[in-house]
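Both counts, for ligands and for their atoms, begin at 1 and track the order of listing.
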Amino acid sequence: MANDASAVFDTLSPAFSNGSLTDPFTPPADSSLWRKNFLLGAATASYQIEGAVNEDGRLPSIWDTFSATPGNVLAGDTGAVACDHYHRWEADVEMLASLGLEGYRLSIAWPRVMGAAGLPNRKGLDFYKRLLSRLKEKGITTSVTLYHWDLPQHLEDRGGWLNRDTAYRFADYADLMSRELAGTVDAWATLNEPWCSAYLGYGNGHHAPGLANDRFATQAMHHLLLAHGLAIPVLRANDPASQKGIVANIGRGTPNSDSAADQRAAHLFEVQHNAWILDPLLKGAYPQDLFELWPGTEPLVLDGDMQTISAPLDFLGINYYFRTNVASDGAHGFRDVPLEGVERTQMGWEVYPDGLRDLLTGFKRTYHNLPPIYITENGMASDDKVIDGHVDDTQRISFLKRHLAAVDQAIKAGVDIRGYFLWSLMDNFEWAFGYERRFGVVHIDYSTQKRTVKRSAELVAKFLKERKARV
Ligand code: FCB
C-alpha cells in the first residue's frame with residue numbers, strides 16, 4: 001500500500017472533486033502569485049520525516065543522541081520512525097505531484113551518505129539518487145539543503161561546530177554530494193538556519209547537541225558560516241548548472257513603545273537575528289553592534305575567513321514565522337514583551353504577515369547585492385484532527401493566504417522573490433516539541449502512517465491547477 005497514491009487521494013473531499021469547495025485561499029487576480037514562473041512548493045527535512053535511523057549503514061546523528069536523552073524532547077519523542085519517509089518516499093512523491101506542487105525542498109542526512117572516514121555510503125546515497133530522479137521525472141523542481149541540523153555524532157564527538165575542522169569536513173561532504181547528485185538538483189542550499197544551529201544547539205541547549213554557552217554560540221556560528229563559504233565554490237565546480245545559496249531564518253523585532261530605548265532594543269533584536277547572518281554573507285563583515293552588545297563573545301576569525309564566507313550567492317533562502325515584540329532590558333540589550341490579544345498558533349507564535357513584507361523590503365534597502373530570494377519556509381502549527389476523513393485547518397488556510405499576500409506586496413515593492421515553499425509538506429518531528437506540533441498540509445497518523453490531505457493542501461492544489469490552466 002505504501003506506493004499506492006490513490007489511497008491518499010481518496011481523502012480529498014467530494015466538494016474538491018466536484019469543484020464546489022468554498023475557497024478562502026485563491027489570491028486576487030492582480031497577485032504576482034499568478035505568474036507561472038513563481039515557484040510554489042513544499043519543504044521537509046531529513047531527520048524530521050525519514051525515520052530508518054539504523055538502516056543501510058546510516059550513522060548516528062546528534063539528533064539521535066539528543067532525542068534519546070530523557071527531558072530533551074516533549075513526550076520523549078525521537079525521529080527513529082518519524083513519517084517513515086525512507087520507506088514511503090514513492091507514495092510521498094506521488095502525493096506531491098498529485099497536489100500539483102511545483103517545487104520540493106528536502107535535506108540530505110549527512111550521516112546516511114558518508115562514513116566516518118569520509119567514504120561514501122552507497123546505500124544511503126542511492127536513496128537520494130532514486131528520490132531526486134523520481135522528482136525530476138515528475139517535473140518537480142528540486143531544492144536540496146545539505147545540512148538541516150543532523151550532524152554526524154562522530155563529528156560532534158570531536159567538538160562539532162566548535163571545531164574549525166568540521167567546516168572542512170562539510171566541504172568534503174558538499175564535494176561528494178555535488179559529484180554524485182549533479183544533474184538532479186536545481187538548487188543547493190548549504191545550511192538551514194545556521195543561527196538556530198548555533199544558538200539553540202550551542203547557546204541555550206534547546207536543540208542538539210544541547211550545549212549552553214554564549215561564547216560557544218558565536219564560535220559555532222562562525223564555523224557554520226565558514227563551512228558554507230568553503231562549500232559554495234565546490235558546488236559551483238561540480239554542478240555548474242544549479243543554483244547555490246543558503247537558508248536563513250529571519251525575525252521581525254518591533255519596539256514595545258516609541259521610546260528611544262525600545263527603538264534601539266528592536267534594532268538590536270534584528271541585528272542579533274538577521275544582520276548576524278546577512279552582513280557576513282553580503283557585506284563580508286560581522287555587524288559592529290553585535291559584539292558591543294555581547295562583549296567578550298567574539299569568535300576567533302582567521303585571515304581570509306570573511307572573504308570565504310561572502311562568496312557570491314545565486315539565491316538567498318528566507319524562513320519566516322513570527323515577530324517578537326521587544327523592550328529595552330534597562331541595560332543595553334532587549335527583552336521579549338509578548339503582546340496580549342494577538343492571533344497565535346499552536347507554537348504560541350504570533351501571526352504577523354507584515355513582518356515578512358517589512359523585512360524583505362528592508363533587506364532590499366540595506367543590501368545592494370541582495371540575491372534573488374526564495375521563501376524556503378513559512379507555515380504554522382495547529383492541533384489538527386481528522387474528522388470524517390478530513391482535516392479542516394482553517395487557521396492555516398488564512399495564514400498561508402495572508403503570508404502569500406505579504407510576499408506579493410514585497411514583490412510589488414521591487415524585491416526579487418522567485419518562489420515560496422510552505423513548511424511543511426506533512427506533519428513531522430518538530431525537534432524539541434516532538435510530534436505534538438503539526439505543521440503539515442498533509443496530516444500524519446503516526447500509529448498507521450496514513451497520510452490525509454488537509455483542506456489547506458486541497459486549496460493550494462486547486463489554485464495551482466487553475467494557474468496551470470490559464471493561457
Ligand atoms: C524551522 C526549521 C524547520 C521547522 C520549522 C517549524 O526553524 O528549519 O525544520 O522545524 O522551524
Side-chain angles (χ1 to χ4, degrees), residues 41-51 61-63 66-67 72-74 77-79 82-83 85 104-110 143-151 189-204 206-208 217 221 224 228 245-252 272-274 276-277 316-324 344-352 355-356 359 374-384 393 395-396 399-400 403 420-442 444 456:
T44 61
S46 48
Y47 190 73
Q48 295 182 275
I49 65 165
E50 286 178 1
S61 80
I62 54 174
W63 270 95
F66 184 78
S67 61
N72 282 344
V73 176
L74 210 64
D77 289 341
T78 76
C83 309
H85 174 72
Y104 182 47
R105 173 174 178 244
L106 64 112
S107 80
I108 292 174
W110 186 352
S143 175
V144 173
T145 301
L146 285 167
Y147 183 70
H148 200 128
W149 305 354
D150 37 5
L151 186 73
T190 51
L191 308 175
N192 177 67
E193 302 189 350
W195 189 95
C196 289
S197 298
Y199 277 86
L200 308 182
Y202 295 84
N204 67 20
H206 293 174
H207 281 184
M221 185 74 156
L224 281 151
H228 155 81
I246 184 170
V247 170
N249 55 301
I250 55 162
R252 183 64 169 150
Q272 214 268 352
H273 286 80
N274 308 333
W276 197 173
I277 166 151
L316 175 67
I318 288 291
N319 294 354
Y320 174 79
Y321 286 96
F322 59 94
R323 76 142 153 196
T324 309
R344 294 186 183 276
T345 70
Q346 193 193 15
M347 297 295 282
W349 296 347
E350 184 188 343
V351 178
Y352 191 67
L356 177 58
L359 285 167
Y374 286 87
I375 308 302
T376 32
E377 286 181 29
N378 176 237
M380 58 158 281
S382 46
D383 185 17
D384 299 320
D393 52 342
Q395 193 191 7
R396 179 172 296 102
F399 179 103
L400 294 175
H403 284 80
Y420 174 102
F421 295 84
L422 54 87
W423 184 271
S424 173
L425 174 62
M426 51 191 151
D427 295 338
N428 58 48
F429 176 77
E430 178 46 35
W431 309 114
F433 295 95
Y435 296 102
E436 197 202 75
R437 309 291 161 95
R438 294 181 174 274
F439 272 93
V441 293
V442 173
I444 303 279
S456 55

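Looking only at atom types and distance, the side chain of S424 has no donor-acceptor partner in the side chain of T44 under 3.5 Å away. Judged purely by distance below 3.5 Å, without hydrogens or angles, the side chains of R437 and N428 never pair a donor atom with an acceptor atom.
Legend: salt bridge (charged side-chain N to carboxylate O under 4.0 Å, His left out) pairs involving residues 423-433, not counting sequence neighbours, sorted by first then second residue: D427-R438, D427-K454.
Residues satisfying the ring pair (Phe, Tyr, Trp, His ring centres under 6.0 Å) criterion with F421, sequence neighbours excluded, are absent altogether. For R396, the salt bridge (charged side-chain N to carboxylate O under 4.0 Å, His left out) test picks out D384, D393, with sequence neighbours left out.
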Just list the N/O pairs, ligand 1 to protein, that are under 3.5 Å apart, with the distance for each.
residue, atom, partner, partner atom, Å
ligand 1, 7 (O), E193, OE1, 2.6
ligand 1, 7 (O), E193, OE2, 3.1
ligand 1, 8 (O), H148, NE2, 3.2
ligand 1, 8 (O), N192, ND2, 2.9
ligand 1, 8 (O), E193, OE1, 3.4
ligand 1, 8 (O), E193, OE2, 3.4
ligand 1, 8 (O), E377, OE1, 3.1
ligand 1, 8 (O), E377, OE2, 3.0
ligand 1, 9 (O), Q48, OE1, 2.7
ligand 1, 9 (O), H148, NE2, 2.8
ligand 1, 9 (O), W431, NE1, 3.0
ligand 1, 10 (O), Q48, NE2, 3.4
ligand 1, 10 (O), E430, OE1, 2.7
ligand 1, 10 (O), E430, OE2, 3.2
ligand 1, 10 (O), W431, NE1, 2.9

Determine whether M426 and H85 satisfy the following criterion, side-chain contact (heavy atoms from CB on, under 4.5 Å), listing intermediate values before the conclusion.
CA-CA 10 Å; M426 51 191 151; H85 174 72; 4.0 Å; yes
